[in-house]
Amino acid sequence: MSRTTLDTAALAHDLRLAVMRFSRRLRNQRVDTSVTLTHLAALSTLKRHGPMSPGELAGHERVQPPSMTRVVVALEGMGLVSRTAHPTDGRQVVISLTQAAENLLGAEARAREAWLSSRLQELSPEDRATLRDAAVIMDKLASE
């Protein structure tokens, strides 16, 4: 193996571990732990893509429709989503966020960003600039 290949493999290993640890710490900055991470993921997808059928939501979340049905039932029971008749297919329903879900997602984002902001303030201006550049690169890696 070439030195470049070894360096790249080592970077991939180190970056994977750092991203996993960072993600775990960020996920721990929760407002409401009665809502699972699976629930938050489904709510976030609805926020990002708008109302959709449970099948479409399952596709976005890469889970089987019966699993998403259970998630939707739980979210509806918590008052976080509502069901309405599908406009063109009477056999389907459309799942939408409620105001309570919008409020929860906003509070979750604010809590995580507050934690991250306080941690970033502990860094030097140079380290923050490096992270600003790294954020662009990581976004590029994630979108390809």
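Note that the coordinates shown come from a computational prediction; the quantities given were computed from them, not determined experimentally.
Cluster note: M20 groups with no other residue, as no ILVMFWY side-chain heavy atom lies under 4.5 Å from it. Here L131 sits in one hydrophobic cluster together with F22, L26, W115, L116, L120, L123; the rule is ILVMFWY side chains under 4.5 Å apart, joined directly or through other members.
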Side-chain donor-acceptor contacts of residues 30-37 below 3.5 Å, not counting sequence neighbours, with atom names and distances?
residue: R30; atom: NE; partner: E108; partner atom: OE1; Å: 3.4
residue: R30; atom: NH2; partner: D32; partner atom: O; Å: 2.8
residue: R30; atom: NH2; partner: V35; partner atom: O; Å: 2.3
residue: D32; atom: OD1; partner: S34; partner atom: N; Å: 2.9
residue: D32; atom: OD1; partner: S34; partner atom: OG; Å: 2.5
residue: D32; atom: OD2; partner: S34; partner atom: OG; Å: 3.4
residue: T36; atom: OG1; partner: T38; partner atom: N; Å: 3.4
residue: T36; atom: OG1; partner: H39; partner atom: N; Å: 3.0
residue: T36; atom: OG1; partner: H39; partner atom: ND1; Å: 3.2

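Linking Ile, Leu, Val, Met, Phe, Trp and Tyr whenever their side-chain heavy atoms come within less than 4.5 Å puts L75 and V63 in one cluster. A chain of hydrophobic side-chain contacts below 4.5 Å, direct or via other Ile, Leu, Val, Met, Phe, Trp or Tyr residues, connects L43 to M78. L97 and M52 fall within a single hydrophobic cluster, where Ile, Leu, Val, Met, Phe, Trp and Tyr are joined by side-chain heavy atoms under 4.5 Å apart, directly or via other members.
Every pair passing ring-ring contact (aromatic ring centres under 6.0 Å, His included) that includes a residue from residues 43-66 is listed here, sequence neighbours excluded: H49-H60. A ring-ring contact (aromatic ring centres under 6.0 Å, His included) check over residues 71-92, counting only residues at least two apart or in different chains, returns nothing.
Judged purely by atom type and a 3.5 angstrom limit, S23 has no side-chain atom pairing as donor or acceptor with the backbone of V19. The backbone N or O of R24 sits less than 3.5 Å from a side-chain atom of N28, completing a donor-acceptor pair.
Distance CD/Q121 to CZ/R128: 7.5 Å, rounded to 0.5 Å. Q29 contributes atom CD, which lies 9.0 Å from atom CZ of R119 (distance to the nearest 0.5 angstrom). Separating the NZ atom in K47 from the CG atom in L104 is a distance of 11.0 Å, to the nearest 0.5 Å. The line from CG of L57 to CG of L46 is 5.0 Å long, rounded to the nearest 0.5 Å.
Atom CZ of R16 is surrounded by more than 12 heavy atoms from other residues, nucleotides or ligands within 6.0 Å. Enclosure of atom CD in E122 by more than 12 non-hydrogen atoms of other residues, nucleotides or ligands within 6.0 angstrom is indicated.
Contact annotation: the side chain of E56 never approaches that of I95 to less than 4.5 Å [non-hydrogen atoms, C-beta and beyond].
Qualifying side chain to side chain contact (heavy atoms under 4.5 Å, CB included) partners for R62, counting only residues two or more places apart in sequence or in other chains: none.
Across all their heavy atoms, P54 and M68 have their closest contact at O-CG, 3.6 Å. Annotation for L105 and S44: closest pair CD2-OG, 3.7 Å, computed over non-hydrogen atoms. Residues V94 and A85 approach most closely at CG2-O, 4.4 Å, considering heavy atoms. Contact record, A101 with L80: CB-O, 3.0 Å, taken as the closest heavy-atom pair. In plain terms, the two heavy atoms of A100 and G79 that are nearest each other are CB-O, 3.8 Å.
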